[in-house]
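Notes follow once the structure below has been shown.
What you see is a predicted model; the values in this text were computed from it and never measured. In what follows, every heavy atom counts, from backbone to side chain, and hydrogens, waters and symmetry copies are set aside.
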Amino acid sequence: MKRTSKKEEVPEGSGEDRSDSKAGHLLSGHRNVSRGAAVIVCVLFLLAAALFWRLNGQGREGEPVSVPQEAVTAGAAGEGAYFLLSAMEDAQEQIQVEACEVLSDGENFALSGTAQRIPANDDGRFYLFALEVYEESIPEGEEPIAQTEAARNFTLTAAINEYQADSHLYDKFVVAVKQNGRYLAVSTPHYITNPEAIADYTAAFPEVDSIKGLLVDSQKLGTTELDELGVKHAVYNVPLSRLLGPTTDKNYPTITYTYNGKDYELNGRVVSEYDYAFSTLTEKGIVTTAILLNDKSEAYPQMIHPLSRDGNAYYYAFNAAEEEGSEYLAAVVSFLAERYRDTEHGIVMNWVVGNEINVRSLWNYMQYVDLEIYVREYAKAFRICYNVIKSANANARVYISLDQQWNRELTGNSSYNSKAILDEFNAQITEEGNIGWGLAHHPYSIPMTWPKFWDMSGQDERLVQDSENTSVVTIYNIGVITDYLQKEEFLDPDGQVRHFLLSEMGFSSAYGEDAQAAAFVYAYYIAENDPYIDALILSRETDAAEEVSQGLALGLSYQNGRKKMIYDVFKYIDTDQAEEYTQFALDYIGISDWSEVIDMQEDQDSSGPDQG
């Protein structure tokens, strides 16, 4: 959103000019070595001064703590911005934000906090500032949106202004004091953490009796195949650029969507395609997962992160680093979340933000940067998507996507490890306000063309271990992740284990249809017996030519329509006829009962894998 009280910081000119400006803003500490060195020297000097100041009895308990004016900087954050230098931060001096939540009236929110010591200030007041997701400081001339008396326990309340030009739905908020006539931020940023409180669609998340899911073939939506297969979960890709721009087909008029006071043109024909897909899946009682993908469009370069515009990849990092990119992302996601929550257009309850974001070179392209910066840029976009989606659909679930490369020794910089991404993402989200994010994981075999994931003979067996330090997490050791998510620091705001989807996985029939089918049976029973896995979504309904050429014949059917052995196995695996169609897998794997290789849940019904 754009606020009129703020000076414009984006220079006029081409998208490339704006990209360079913002990239410099983002990575200014890395771009100017001389300036960085000077800052380090200053910090060391100030640390020494602060230590001397402490040792001489300053800042005693119960007294306001004076922060020397030299201990603030506008440098990398932008002119006019004042934050405590991280080296000078003192846990007892900094304001602790306890909560930032929508109030029961659905129109206002409150940020509450505590201060063990009240920072020195001019007027005995705390001020609340709303920053854009891409702002790292309080801009020059910015005005506070709320204020209150400075106290050990305090609450600041302001209007959300949903759908207005000055909406604060996905802003981040800092507490500040006025010192020597200028505002000094004294808290870490926090976001609203319960956007679902303003949603007018509050239907419960649908309950289904099976984890069985499928990446559907759009060409078969008009057939009865999904009904015949008994599919309960489905995944559908949504490349965002397809939605943007006017319609050229007069039969599908351009849709004008107004969001936060601005109009956005959406392609009516493309929207009608998603209407048909999502309404069809909803009519069939299928829980639908939409994957938000950021593909490149020459007409809408603002959708691409400024550090991603030089790349050549399948998909790119979302742009939450600039004003226009943030606004477009929020508007498109808002349109989707609002539209796909009724039976007319279809209901989408799961939203995945990006695809395998740890693979930065292919699926979430950005120039190689430090892990913390890479995750922060994604986390900003995730916050926008999360707050926008949950404010429209209270019980929707929003996921981060990671692949099977968990904790490998990386020899290049094309990827980051999933574990490192997950740790950093969780830490950043928790610091700025914990929310109910979920994990969408892709536990493919290693290598992906090898269907017999339980047999690593001839492969590097050291890669797949039952340890949180394992290099790779396939379906074979998927418990590594569900155990990891049970750690206290990973629990959601309600203290529960986070939602966990196996949103994409599959097995190639290139080594034989029996190998593919047996692998699916084994994988399905592993997932079904893990209480923390919400769904297993198989890739895919029909072989894809580009994958088959790489040895990945993953479909239930060949491209010519002929059904593979796995087709009937998939169809019956969650029915009372399961044993008839899965018994062969025991012999293929070389066991007599599934309990030999799987910790069985005690409450398995008759359709479960109690065979032998």
Determine whether the aromatic ring centres of [X] and [Y] lie less than 6.0 Å apart.
X      : Y      : value
Tyr236 : Phe278 : yes
Tyr484 : Phe490 : yes
Tyr374 : Tyr416 : yes

task: Show your working on side-chain contact (heavy atoms from CB on, under 4.5 Å) between Gln550 and Thr449 and close with a plain yes or no.
output: CA-CA 8 Å; Gln550 302 172 55; Thr449 54; 5.9 Å; no
[X] vs [Y] aromatic rings, parallel, tilted or perpendicular, using cut-offs 30° and 60°?
X      : Y      : value
Phe520 : Tyr524 : tilted
Trp450 : Tyr511 : perpendicular
Trp454 : Tyr588 : perpendicular

query: Between Ala396 and Trp351, which heavy-atom pair has the shortest distance, and what is it?
result: CB-CD1, 4.2 Å
- prompt: Would you call Asp275 and Arg339 a salt bridge, taking side-chain N to carboxylate O under 4.0 Å as the test?
  reply: yes
message: Closer than 4.0 angstrom, basic N to acidic O: yes or no for Lys284 and Asp227?
response: yes
Derivation and outcome, side-chain contact (heavy atoms from CB on, under 4.5 Å), residues Ser279 and His345: CA-CA 5 Å; Ser279 62; His345 303 107; 5.9 Å; no
task: Give, for atom OG of Ser326 and atom CE of Met303, the distance between the pair rounded to the nearest 0.5 Å.
output: 10.0 Å
query: In Å, rounded to the nearest 0.5 Å, how long is the span from CD of Glu225 to CD of Glu541?
result: 4.5 Å
- prompt: Got a sec, which residues hit side chain to side chain donor-acceptor pair (under 3.5 Å) with Glu468, two or more places apart in sequence or on another chain?
  reply: Lys487
- prompt: With a cut-off of 6.0 Å (strictly less than), are more than 12 heavy atoms of other residues, nucleotides or ligands near OH of Tyr314?
  reply: no
task: Not counting sequence neighbours, which residues clear ring pair (Phe, Tyr, Trp, His ring centres under 6.0 Å) with Phe425? List them please.
output: Tyr378, Phe382, Trp437
field: side-chain contact (heavy atoms from CB on, under 4.5 Å) between Lys564 and Asp543, worked out
entry: CA-CA 10 Å; Lys564 303 179 187 179; Asp543 278 349; 2.9 Å; yes
From Val359, Asp310, Ile304, Asn312, residue fulfilling side chain to side chain contact (heavy atoms under 4.5 Å, CB included) relative to Tyr365: Asp310
field: Stacked cation flag Arg397 on Phe205, 6.0 angstrom / 45 deg
entry: yes
